Amino acid sequence: MTVDCIANVTSDGPPPRKDENKEQQPSLVFDASVLRYQSNIPKQFVWPDHEKPSADAPELQVPLINLSGFLSGDPVAAWEASRLVGEACRKHGFFLVVNHGVKARLIADAHRYMDLFFDMPLHEKQRAQRKPGESCGYASSFTGRFSFKLPWKETLSFSYSAHQQPHKTVEEYFLNVLGEGFREFGRVYQEYCEAMSTLSLGIMELLGMSLGVGPTHFRDFFEENDSIMRLNYYPQCQKPELTLGTGPHCDPTSLTILHQDHVGGLQVFVDNKWHSISPNPEAFVVNVGDTFMALSNGQYKSCLHRAVVNSKTPRKSLAFFLCPRADMVVSPPRGLVDSEHPRMYPDFTWLTLLEFTQKHYRADMMTLDAFSNWLQQESK
Ligand SMILES: C=C1C[C@]23C[C@H]1CC[C@H]2[C@]1(C)CCC[C@@](C)(C(=O)O)[C@H]1[C@@H]3C(=O)O
Ligand SMILES: O=C(O)CCC(=O)C(=O)O
Ligand SMILES: [Fe+2]
């Protein structure tokens, strides 16, 4: 079974309930080319005082891990890299990787095609409009999905399947949804997602080594991944102190590999304070998500983060969300469960958690706990 933008798959998970997250009728349209000239921002984009961005966000010193030795097969370098990964994941869950093997040209092309796409007129972008309950497509903010605390961003999300060879799911997505004129878009993002999948599997080796379960356990689990690629576009905002580009959350997915442009805006919540992670064009920002927190039986924490916007220039980020095949059961390896480390979370399939976030619950910093409770309720 594969998850193709969630809607085209039969889930054997619990039937959806009427949920608080029901799709709202879109009365408000987020068209940044219009909104940017208004002196105020619509009230739906104003976040509560306790969540508004703070003026100061000191820079977080994030470990910078050089992957060149590991990727060239040096076992000593591999163990050193896994040690650094483990240290970061026990501290705040974020680390940077450099000499990662992804071509600078490919990263530049991925950013360039983002500019081309998001600079299109709204009606053109809406040809790829995300449908209610689906995890793919174009969304101008989430008007119609949420009715308050709307993020100041546009997104384009699509699925990458590592096991549907010879199909190139990303290339086909762009051709099928946006047409022949987007063939090159599809080729670039197909190549980008393949590079992200390869890098993710290498990092899964390091995570397995750091947790003492060996390099192949998690690598094998994610070999046939069905991942999500998300292009985040944050238009400049005349009132950046009132809103957020992406609200505070932990990624429900397994591993996030993020490339932010030169503008900066990613913030992580560490030691009870928001800290910024400065852009580094040679580096990817990596963090574990909720699903990997469950796979590690809670040893590695999915970390709280958000994105702020600014009044001067748009900001972009490319986020690859590694996800297992939809029907894979998320359960920690035996070596991570014992009398001192009892099970933290129930078994679940990634598809059920994905559906939960798309149809029942807006992912935040409590998603996995809310999901565990929901599973219990649904099983009664
Ligand atoms: C599985 C996913 C849901 C979101 C995209 C991926 C991983 C991150 C999630 C998200 C970014 C967390 C914050 C809220 C959210 C609604 C958003 O701002 O985009 C989340 C994504 C989503 O549900 O579309
Ligand atoms: O844009 C960013 O820097 C962060 C985006 C993010 O956290 C997400 O899309 O999950
Ligand atoms: Fe995130």
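One-based numbering, in listed order, for ligands and for the atoms of each. These figures come from a predicted structure and were not determined experimentally. Residue numbers start at 1 and run along the sequence shown. Basis for what follows: all heavy atoms, side chains included, without hydrogens, waters or symmetry-related copies.
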task = Determine, using ring centers only, whether Tyr233 and Phe118 are less than 6.0 Å apart.
result = yes
task = Assert yes or no for the condition that the ring centre distance of Phe371 to Tyr361 is strictly below 6.0 Å.
result = no
remark   = Listing protein N, O or S under 2.8 Å around the Fe ion (ligand 3) gives His249 NE2, Asp251 OD1, His305 NE2
For [X] and [Y], indicate whether the former's side chain and the latter's backbone hold a donor-acceptor pair under 3.5 Å.
X	Y	value
His111	Ser317	no
Tyr189	Ala110	yes
Ser276	Ala57	yes
Lys52	Trp47	yes

query = Under a 4.0 Å N-O cut-off, is there an ion pair linking Asp56 with Lys273?
reply = yes
remark   = Less than 4.0 Å from some atom of ligand 1, heavy atoms are found in residues Phe142, Arg145, Phe146, Lys153, Arg230, Thr246, His249, Asp251, Pro252, Thr253, Phe321, Leu354, Gln358, Ala363
Which atom pairs, one a donor and one an acceptor, fall under 3.5 Å between side chains of residues 286-295 and the rest of the protein, sequence neighbours left out?
residue: Asn287; atom: ND2; partner: Asp251; partner atom: OD2; Å: 3.2
residue: Asp290; atom: OD1; partner: Ser302; partner atom: OG; Å: 2.8
residue: Thr291; atom: OG1; partner: Pro252; partner atom: O; Å: 2.7

message = Cation-pi check for Phe146 against Arg362: NZ or CZ below 6.0 Å from the six-membered ring centre and within 45 degrees of the axis, yes or no?
response = yes
query = Within 45 degrees of the axis of the six-membered ring of Trp274 and under 6.0 Å from its centre: does Arg306 put its NZ or CZ there?
reply = yes
Going by distance alone, is a donor N or O of one side chain under 3.5 Å from an acceptor N or O of the other, for [X] and [Y]?
X	Y	result
Thr246	Lys153	yes
His275	Glu59	no
Glu154	Tyr138	yes

As a test of reading the model: which N/O atoms of the protein lie under 3.5 Å from N/O atoms of ligand 2, and at what distance?
residue: ligand 2; atom: 1 (O); partner: Tyr234; partner atom: OH; Å: 2.6
residue: ligand 2; atom: 1 (O); partner: Arg315; partner atom: NH1; Å: 3.2
residue: ligand 2; atom: 1 (O); partner: Ser317; partner atom: OG; Å: 2.7
residue: ligand 2; atom: 3 (O); partner: Arg315; partner atom: NH1; Å: 3.3
residue: ligand 2; atom: 3 (O); partner: Arg315; partner atom: NH2; Å: 2.7
residue: ligand 2; atom: 7 (O); partner: His249; partner atom: NE2; Å: 3.1
residue: ligand 2; atom: 7 (O); partner: His305; partner atom: NE2; Å: 3.1
residue: ligand 2; atom: 9 (O); partner: Asn232; partner atom: ND2; Å: 3.2
residue: ligand 2; atom: 10 (O); partner: His249; partner atom: NE2; Å: 3.1
residue: ligand 2; atom: 10 (O); partner: Asp251; partner atom: OD1; Å: 3.1

